[in-house]
There are 2 protein chains.
Amino acid sequence: MERNTRQRSAIRDAIAQADRPLLPQEVLDAAQREVPGLGIATVYRNLKLLVEEGALQAVNLPGENTRFELMGHQHHHHFQCRQCQRVFDVHACPGDLSRLAPKGFTVEDHDLTLYGRCSDCVPARPGRAHAASAEQDRSAMRAHKQKHR
Amino acid sequence: MERNTRQRSAIRDAIAQADRPLLPQEVLDAAQREVPGLGIATVYRNLKLLVEEGALQAVNLPGENTRFELMGHQHHHHFQCRQCQRVFDVHACPGDLSRLAPKGFTVEDHDLTLYGRCSDCVPARPGRAHAASAEQDRSAMRAHKQKHR
DNA sequence: GTAGCTGCAAATTCTTTGCAGTTGT
DNA sequence: ACAACTGCAAAGAATTTGCAGCTAC
């Protein structure tokens with residue numbers, strides 16, 4: 001039977017209150033505000049558990065680590081901002097794409113990722129970057145991007 | 001100045017002779033037939049080098065490790081078979097998708113991945129899987145999938 | 001001759017797992 | 001009580017890097 005621990009609630013809340021898919025490290029940062037001693041292993045264990053029980057959904061973008069969001073919206077896609085690296089939901093879909101596949105191939109599903117600038121990072125001025133949430137997230141991403149350098 | 005080593009040629013050839021994007025480990029396996037002592041670090045170093053010089057193209061699919069293919073076809077997409085896990089090029093594109101983005105967002109590009117069955121793994125009979133190349137690749141993928149278990 | 005390259009081993013990053021102690025029910 | 005859970009540290013997998021020796025040019 002599954003228990004209701006402070007840690008699990010904090011993790012679920014962190015994701016529920018975010019308006020976009022979060023990285024495990026971002027979940028940890030957010031959840032630690034409520035449970036300071038929280039460890040990253042517990043975050044990973046709970047993310048896996050919550051996905052299995054259908055509460056969360058894993059979001060995989062090309063070349064990115066897995067993010068997590070609330071299960072809910074069925075089929076949808078994602079948009080990644082090339083400036084702040086954040087990922088947003090896109091509740092639209094191009095529809096049936098089976099016509100694109102090679103002959104003899106059967107298409108069952110598809111993944112689509114759009115790239116560009118989010119509304120906080122307008123393309124006009126590259127040096128802008130003021131919106132609080134965007135700036136906050138950029139630092140998280142900077143830390144994240146240090147991998148393999 | 002860049003040199004022309006046996007190792008680099010073997011790596012480039014391995015990718016040139018494949019009909020689909022290869023994982024670094026698959027490149028190593030193929031290139032070692034020509035240069036037995038070849039190490040994985042050399043493969044990674046050359047893949048990065050060849051991408052930078054424009055000879056190769058990195059192929060990132062959601063939740064998959066980076067694969068590599070010859071640069072050539074500009075904008076194209078990919079198809080992954082859910083049975084044999086192999087990835088194939090799709091030389092078609094749904095076209096402009098900016099209409100799908102939220103208001104205030106600017107779309108500059110997109111990535112599309114189709115999922116289903118390739119012509120070697122017909123959906124009719126799940127227990128089939130005979131084609132030699134498919135079987136060969138499946139074992140490579142099995143080894144690959146051992147990660148994090 | 002020497003700068004670029006290679007193989008090996010060690011380091012890094014992300015994720016998972018073993019274990020001993022803690023806690024929800 | 002006791003099984004589920006947690007934090008920590010160690011293990012694993014993919015990728016990168018330091019280094020001493022090799023090799024193309």
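Note on naming: letters A, B, ... go to the chains in the order of the sequence lines (proteins, then strands), and numbering restarts at 1 for each one.
- A/Glu69 and A/His76 share a donor-acceptor pair across their side chains, judged by distance under 3.5 Å alone.
- Here B/Asn4 does not reach the OP1 or OP2 of D/dT23: none of its side-chain N or O atoms lies under 4.0 Å away.
- Per the geometry, CD belonging to B/Glu26 stands 14 Å off C1' belonging to D/dA14, to the nearest Å.
- Of the charged side-chain nitrogens involved, at least one lies within less than 4.0 Å of a carboxylate oxygen, so that B/Glu108 and A/Arg82 count as a salt-bridged pair.
- Rounded to a whole Å, the CD atom of A/Gln7 is 10 Å from the C1' atom of C/dT22.
- Protein atom CG of A/Leu38 is 15 Å distant from nucleotide atom P of D/dC5, rounded to whole Å.
- Taking side-chain N and O atoms only, A/Gln25 has no distance below 4.0 Å to OP1 or OP2 of C/dT13.
- A/Leu47 has its CG atom 9 Å from the P atom of C/dT16, to the nearest Å.
- Rounding to whole angstrom units, NZ of residue A/Lys48 and P of D/dC5 are separated by 14 Å.
- Distances were taken from every side-chain heavy atom of A/Asn65 (C-beta onward) to each of D/dC5, C/dC14, D/dG7; the shortest belongs to C/dC14.
- For the pair B/Ile40 CD1 and C/dA9 C1', the interatomic distance rounds to 15 Å; values are reported in whole Å.
- Atom-to-atom, OH of B/Tyr44 to C1' of C/dC5 comes out at 19 Å; the value is rounded to the nearest Å.
- A salt bridge links B/Arg20 with B/Glu26: at least one charged nitrogen is closer than 4.0 Å to a carboxylate oxygen.
- The side chain of B/Glu2 lies closest to C/dC5 when the candidates are D/dT15, C/dC5, C/dT6.
- One N or O donor and one acceptor, one from the side chain of A/Arg3 and one from the base of C/dT23, sit under 3.5 Å apart.
- Side-chain N/O atoms of A/Thr42 include none lying less than 4.0 angstrom from OP1 or OP2 on D/dC5.
- Separating the CG atom of A/Asn46 from the P atom of D/dA4 is a distance of 14 Å, rounded to the nearest angstrom.
- Between the side chain of A/Arg6 and the base of D/dG7, no donor-acceptor pair of N or O atoms lies under 3.5 Å.
- A donor N or O paired with an acceptor N or O is found under 3.5 Å between the base of D/dG7 and the side-chain atoms of A/Arg45.
- Residues B/His75 and B/His110 bring a donor and an acceptor atom of their side chains to less than 3.5 Å of each other.
- In terms of modelled atom types and a separation under 3.5 Å, the side chain of B/His77 and the main chain of B/Val90 share no donor-acceptor contact.
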